[in-house]
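Quick one: this structure, given as structure tokens, is what I'll be asking you about.
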There are 2 protein chains.
Amino acid sequence: MSMYRINFNDFFTSAFSVDCILFGYSEGEIKALLIKRAMQPFENLWAIPGDLIYPDEDLEQAAERVLFELTGLNNIKMHQSQTFGKPNRHPQGRVITISYFALLRIEDFEVKASSWAGDVQWVSLKNMPDLAFDHNHILASTYEMLKLKLQNEPICFDLLPERFTLNEFQQLYEFAFEQAFDKANFRKKIKYIPLIAHDEKQQNVKHRPAKLFSFNREQYLLSLENNSYTFKM
Amino acid sequence: MSMYRINFNDFFTSAFSVDCILFGYSEGEIKALLIKRAMQPFENLWAIPGDLIYPDEDLEQAAERVLFELTGLNNIKMHQSQTFGKPNRHPQGRVITISYFALLRIEDFEVKASSWAGDVQWVSLKNMPDLAFDHNHILASTYEMLKLKLQNEPICFDLLPERFTLNEFQQLYEFAFEQAFDKANFRKKIKYIPLIAHDEKQQNVKHRPAKLFSFNREQYLLSLENNSYTFKM
DNA sequence: TTTAATTATTGTAATTTGGACAATAATTTA
DNA sequence: TAAATTATTGTCCAAATTACAATAATTAAA
């Protein structure tokens with residue numbers, strides 16, 4: 001919670017806000033973290049966590065603060081996506097909003113509604129209700145950006161558990177790109193991605209357990225410097 | 001020139017601005033259109049054309065208006081890139097700026113400094129002076145975005161002349177990606193890009209003239225609908 | 001008019017990648 | 001112990017990529 005909460009009108013007639021889109025992956029689906037607004041306007045509607053930026057605050061800092069205040073998520077490094085500023089997107093005045101996003105492992109974090117958030121929940125992108133403001137638009141457009149990044153940067157490993165099976169890895173891409181891949185060919189495709197093969201195996205499955213892998217980030221960063229490998233899916 | 005020009009202080013203590021980055025290509029180099037500021041702050045420094053957004057104005061509309069007011073360029077469709085908002089990036093108060101960019105053929109447009117722009121000029125990215133505000137940073141970061149788009153969308157044809165040789169086409173990519181390609185292999189790479197081969201040939205060269213091509217945008221758009229081809233370099 | 005110089009354009013052969021599909025391996029459960 | 005299930009590896013063929021060579025068209029100089 002911030003030290004002070006200034007009145008809406010103190011932001012004059014124009015104001016900036018940040019909207020913080022958290023993407024997670026569980027049960028074979030990509031989900032976004034939403035809050036239920038316990039405040040006018042759009043009271044009781046689900047929304048992307050977001051709020052106004054203080055006049056002396058850096059954008060990225062604001063994104064982290066707002067996310068923490070509403071959901072309890074702390075120290076999440078956010079990436080800027082796009083800025084939305086239709087003159088009437090906010091019913092109470094001119095508010096231009098800068099959207100930020102981050103990816104995380106749902107099971108690694110605990111979320112807790114606070115401040116004016118009445119509830120917090122992970123919602124599957126395939127099952128999105130009508131959201132407050134232009135948040136459906138913001139979310140859809142940021143998801144497109146996520147999919148683009150999934151093809152060109154190894155951010156998939158921020159969504160997968162720290163140790164994953166090659167099948168889980170494949171399923172994430174099948175979900176995002178809405179198409180099935182051949183198992184054998186998928187393994188060839190990822191041949192050069194630096195992975196660590198562990199001795200450990202999948203637990204509690206009713207069939208041959210798969211080997212667990214993790215992403216070798218150190219080696220990846222090295223290869224970036226060398227220009228010896230560029231991630232591509 | 002707009003109908004009215006409100007005082008800087010009328011934008012309260014916080015304001016939005018747009019910065020309009022125009023990329024062009026000539027003499028084998030990618031260039032950006034800059035203005036010389038005839039106004040404080042940073043008077044006489046070169047800068048990206050940009051100005052404050054009116055409180056009731058759409059962002060994209062603002063970008064087009066500002067570009068026109070400062071450079072005379074009319075009806076240029078701009079694409080959003082990123083938003084910059086460090087609290088002290090503007091010496092006279094809090095200004096968050098949303099950067100937009102567009103590509104055009106330098107020889108197809110005439111630019112003319114007006115409003116508070118003292119001069120306008122195309123400047124090679126390889127030879128960029130110190131710019132006003134954080135404009136070097138904004139420009140560099142938008143150029144990165146341009147390079148990404150050059151790989152995934154056929155925007156190269158917005159930079160090339162309407163009719164171009166395959167070599168000019170190749171040189172544009174060699175400039176952007178700072179690497180040489182094999183001529184024969186480049187032609188294989190672009191095999192599926194829908195081009196129209198004209199009977200016309202290059203003029204005034206001291207050697208065998210190359211055939212001229214143009215981009216078949218209609219066919220490209222059709223193939224987008226069919227999902228029969230996706231541009232990739 | 002011929003020839004050298006220069007660049008455009010096309011071709012070839014070896015290698016690598018990609019996709020379809022089959023075979024084998026390891027595990028659980030009945 | 002066998003059936004079921006999924007993991008993992010292999011094979012074959014087509015397509016793309018790479019390096020490099022050959023040929024074609026034009027200008028300019030001899």
Side-chain angles (χ1 to χ4, degrees), chain A residues 27-28 150-152 154 156 160-161 163-215 223 227-233, chain B residues 27-28 150-152 154 156 160-161 163-175 177-216 223 227-233:
Chain A
E27 296 156 343
L150 278 172
Q151 289 195 72
N152 302 299
C156 48
L160 291 167
R163 295 188 177 199
F164 51 86
T165 69
L166 297 184
N167 230 21
E168 288 171 333
F169 185 11
Q170 181 173 344
Q171 280 163 14
L172 170 54
Y173 275 91
E174 290 184 334
F175 180 90
F177 299 127
E178 293 180 338
Q179 65 168 306
F181 301 110
D182 178 276
K183 280 189 176 195
N185 296 338
F186 185 81
R187 279 150 202 253
K188 283 184 210 161
K189 196 200 204 61
I190 65 172
K191 189 167 47 168
Y192 296 115
I193 300 178
L195 297 180
I196 300 166
H198 298 278
D199 284 333
E200 202 180 340
K201 285 178 180 171
Q202 219 177 3
Q203 298 293 326
N204 301 322
V205 284
K206 299 186 182 44
H207 51 75
R208 174 178 173 184
K211 193 183 270 199
L212 293 182
F213 293 82
S214 61
F215 180 51
S223 67
N227 258 322
S228 59
Y229 164 72
T230 35
F231 183 90
K232 199 108 210 62
M233 291 293 284
Chain B
E27 297 156 344
L150 278 171
Q151 290 194 70
N152 301 300
C156 47
L160 290 168
R163 295 187 176 200
F164 51 85
T165 69
L166 297 185
N167 230 20
E168 289 170 333
F169 185 10
Q170 180 174 343
Q171 279 163 14
L172 171 54
Y173 275 91
E174 290 184 336
F175 179 90
F177 299 127
E178 294 179 340
Q179 65 168 307
F181 300 111
D182 179 276
K183 281 189 173 195
N185 295 339
F186 185 82
R187 279 148 202 257
K188 286 182 205 160
K189 195 200 203 63
I190 65 172
K191 189 166 46 168
Y192 297 115
I193 300 178
L195 297 180
I196 300 166
H198 298 279
D199 284 333
E200 202 181 338
K201 285 177 179 172
Q202 218 177 5
Q203 299 293 327
N204 302 322
V205 285
K206 298 185 184 45
H207 51 76
R208 174 179 173 184
K211 192 184 270 197
L212 294 180
F213 292 82
S214 60
F215 181 50
N216 193 338
S223 67
N227 256 323
S228 60
Y229 164 71
T230 34
F231 183 91
K232 199 107 209 63
M233 290 294 282

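What you see is a predicted model; the values in this text were computed from it and never measured.
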Under 4.0 Å, counting only non-hydrogen atoms across every strand here, what does B:Y192 touch: a base, just sugar-phosphate, or nothing?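 Sugar-phosphate contact only - B:Y192 comes under 4.0 Å of backbone atoms but never of a base.
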Determine whether B:N167 and B:K183 make a side-chain contact, defined as any pair of heavy atoms from C-beta on separated by less than 4.5 Å. yes
Grab the NZ-C1' distance between A:K232 and D:dA16 for me, whole Å please.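 After rounding, the gap between these two atoms is 16 Å.
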Between CG of A:N204 and C1' of C:dT28 the distance, given in whole Å, is 12 Å
Tell me, do A:L195 and A:F215 make a side-chain contact under 4.5 Å, heavy atoms counted?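 The answer is yes; the side chains approach within 4.5 Å.
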Take the protein atom CZ of B:F186 and the nucleotide atom P of D:dA19, then report the distance between them rounded to whole Å. 16 Å
Pairing string of DNA chain D (Watson-Crick or G-U wobble, both atom distances under 3.5 Å; | = paired to other strand) is ||||||||||||||||||||||||||||||
Letter per nucleotide, 5' to 3', of nucleotides 4-11 of chain D [B base touched, S only sugar-phosphate touched, - untouched; heavy atoms, 4.0 Å]: -BBBBBBB
A:E174: what forms a side chain to side chain donor-acceptor pair (under 3.5 Å) with it, not counting sequence neighbours? A:Q170
Below the 4.0 Å mark, does D:dT26 have OP1 or OP2 next to a side-chain nitrogen or oxygen of B:K201?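 Checking D:dT26 against B:K201, a side-chain N or O does come within under 4.0 Å of OP1 or OP2.
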Give a yes or no on whether B:E27 atom CD has more than 12 heavy-atom contacts from other residues, nucleotides or ligands under 6.0 Å away.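 No, not enclosed.
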Run the side chain to side chain contact (heavy atoms under 4.5 Å, CB included) test against B:R208 and tell me which residues pass, sequence neighbours left out.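 Testing B:R208 for side chain to side chain contact (heavy atoms under 4.5 Å, CB included), a comparison that skips the adjacent residues, returns none.
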Applying ring-ring contact (aromatic ring centres under 6.0 Å, His included), can you list everything that pairs with B:F231, at least two apart in sequence or on another chain?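 B:F231 satisfies ring-ring contact (aromatic ring centres under 6.0 Å, His included) with no other residue.
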Sequence neighbours excluded, which residues qualify as ring-ring contact (aromatic ring centres under 6.0 Å, His included) partners of B:Y192?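 Here no residue qualifies.
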Check the angle between the aromatic planes of B:F169 and B:F186 and answer parallel, tilted or perpendicular using the 30° and 60° thresholds.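 The rings of B:F169 and B:F186 stand perpendicular, inter-plane angle above 60°.
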